[in-house]
Amino acid sequence: MRSAKDFFRPLAVGAPDPVREIPFRPSRMIHFFDPGNEKMAAKVPDIAPRVDVLLGNLEDAIQADRKQAARDGLVRIAKATDFGQTQLWTRVNSLDSPWGLDDLLTLVTEIGDKLDVIMVPKVEGAEDIHYVDRLLAQLEAKAGLRRPILVHALLETARGVANVEEIAGASPRMQGMSLGPADLAASRRMKTTRVGGGHPGYLVRTDPVGEDLTTGRHTYQQDLWHYTVARMVDACAAHGILPYYGPFGDIRDTVACEDQFRNAFLLGCVGAWSLHPVQIDIARRVFSPAPEEVHWARKVIAAMGDGTGAVMIDGKMQDDATVKQCRVVAELADALAARDPELAAAYKEGTE
Ligand SMILES: CC(C)(COP(=O)(O)OP(=O)(O)OC[C@H]1O[C@@H](n2cnc3c(N)ncnc32)[C@H](O)[C@@H]1OP(=O)(O)O)[C@@H](O)C(=O)NCCC(=O)NCCSC(=O)C[C@H](O)C(=O)O
Ligand SMILES: [Mg+2]
């Protein structure tokens with residue numbers, strides 16, 4: 001473990017200084033695409049302005065014999081595209097794979113100036129982040145980069161969950177974390193066969209009435225991911241980095257996707273992945289606070305003055321703790337309004 005004094009020193013001569021605070025940039029949807037797939041690549045100019053983050057995926061979902069094409073495609077697309085305010089991320093292959101090292105070597109030296117964040121899959125502990133941290137510093141120095149590339153860890157192994165706090169604080173590069181429910185389910189030997197979402201068998205049942213165990217008993221499906229998302233959110237908040245729900249694999253089921261995303265939003269996540277264009281607007285809707293909530297938050301903030309004491313608004317008690325929650329909503333709304341003119345108008349309405 002580096003000493004606190006060394007934590008913000010560059011890890012290679014000539015590498016840029018690490019950031020001291022992770023900048024909050026809207027990242028409601030991290031849109032995955034396969035850069036080696038010509039049809040998807042052709043959609044990049046249309047999709048880029050509609051998403052907060054565009055992610056060129058090189059890992060799972062890319063066939064082994066298409067890895068090189070995906071990597072080359074990402075280099076080509078990044079060089080040819082002006083992404084405007086949209087962030088460009090990539091998910092590299094895992095550190096134990098035959099491709100992970102070449103992904104990092106190629107991408108940082110070829111398009112490091114365009115890459116905001118590198119997502120590292122299957123992170124098991126701080127040692128994985130330390131490895132990437134040093135390597136990135138060396139490559140940034142070699143490429144003459146002026147700002148550090150940030151790192152996003154995928155929480156998708158049982159050991160990764162056990163070490164989630166140390167991963168979150170492993171490097172000043174740590175930008176955030178996403179839940180990878182499919183790999184995590186396999187790693188935990190869960191008996192599901194899905195990518196995120198619930199399961200009809202994971203439920204609680206109301207008590208029996210009298211001796212009859214079979215009739216009149218309601219069941220309620222439970223959230224398989226609540227525990228992990230909550231742990232991840234706490235670890236991220238404690239270390240000043242951003243938590244995200246990951247993928248929802250049932251593309252057709254836009255309703256359950258929205259529910260899963262909303263649970264994550266309410267628990268503290270700032271975004272989720274979109275795997276298909278149909279999920280982009282779901283994430284935008286869910287991870288942008290509703291205008292009524294923003295108006296309410298501003299009303300509470302205004303009524304609370306210096307933020308201390310207690311007041312009643314519409315029959316509800318407000319105090320120091322509610323005003324802090326309201327500031328979270330209002331600050332998120334301000335950040336999103338700066339990026340999204342439609343939201344800016346919706347958040348303004350009713351306040352004049
Ligand atoms: C899931 C898909 C394979 C579905 O693709 P397809 O069958 O082509 O769907 P459609 O026919 O409905 O597509 C309509 C058109 O839209 C284009 N398309 C589809 N997806 C995308 C996209 N993500 N970005 C841009 N464009 C897209 C299609 O090409 C069609 O175009 P056209 O024919 O010209 O009209 C596909 O959506 C897909 O591959 N999505 C990404 C999957 C992915 O990245 N998976 C990995 C992330 S999840 C994961 O890794 C698990 C995680 O790590 C964990 O452990 O939990
Ligand atoms: Mg995975």
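Read the numbers this way: they start at 1 and go in the same order the structure lists the ligands and their atoms.
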Could you check whether atom [atom1] of [X] has more than 12 heavy atoms from other residues, nucleotides or ligands sitting under 6.0 Å from it?
X	atom1	value
E38	CD	no
K114	NZ	yes
E293	CD	no

Count, waters excluded, of protein N, O or S atoms under 2.8 Å from the Mg ion (ligand 2): 2

Nearest heavy-atom neighbours spanning A48 and T86: O-OG1, 2.7 Å

Residue pair M177 / P243, side-chain heavy-atom distance below 4.5 Å: no

Side chain proximity check, K67 to L58, heavy atoms < 4.5 angstrom: no

ILVMFWY clustering at 4.5 Å (side-chain atoms), partners of V195: none

H295/Y347 aromatic ring centres below 6.0 Å: no

Give every pair formed by an N or O atom of ligand 1 and a protein N or O atom closer than 3.5 Å, one pair per line with both atom names and the distance to 0.1 Å, or write none.
| from | atom 1 | to | atom 2 | distance (Å) |
| --- | --- | --- | --- | --- |
| ligand 1 | 12 (O) | H276 | NE2 | 2.7 |
| ligand 1 | 13 (O) | H276 | NE2 | 3.4 |
| ligand 1 | 23 (N) | H31 | NE2 | 3.4 |
| ligand 1 | 23 (N) | F32 | O | 2.8 |
| ligand 1 | 23 (N) | L275 | O | 2.8 |
| ligand 1 | 24 (N) | H31 | NE2 | 2.9 |
| ligand 1 | 31 (O) | K43 | NZ | 3.0 |
| ligand 1 | 33 (O) | K39 | NZ | 2.9 |
| ligand 1 | 34 (O) | K43 | NZ | 2.7 |
| ligand 1 | 37 (O) | L275 | O | 3.2 |
| ligand 1 | 40 (N) | L275 | O | 2.8 |
| ligand 1 | 50 (O) | R91 | NH1 | 3.0 |
| ligand 1 | 50 (O) | R91 | NH2 | 2.9 |
| ligand 1 | 53 (O) | R91 | NH1 | 3.0 |
| ligand 1 | 53 (O) | E156 | OE1 | 3.2 |
| ligand 1 | 55 (O) | E156 | OE1 | 2.9 |
| ligand 1 | 55 (O) | D183 | N | 2.9 |
| ligand 1 | 55 (O) | D183 | OD2 | 3.0 |
| ligand 1 | 56 (O) | P181 | N | 3.1 |
| ligand 1 | 56 (O) | A182 | N | 2.7 |

Could you pull out every donor-acceptor pair under 3.5 Å between side chains of residues 5-15 and any protein atom, sequence neighbours left out?
| from | atom 1 | to | atom 2 | distance (Å) |
| --- | --- | --- | --- | --- |
| D6 | OD1 | R9 | NH1 | 2.4 |

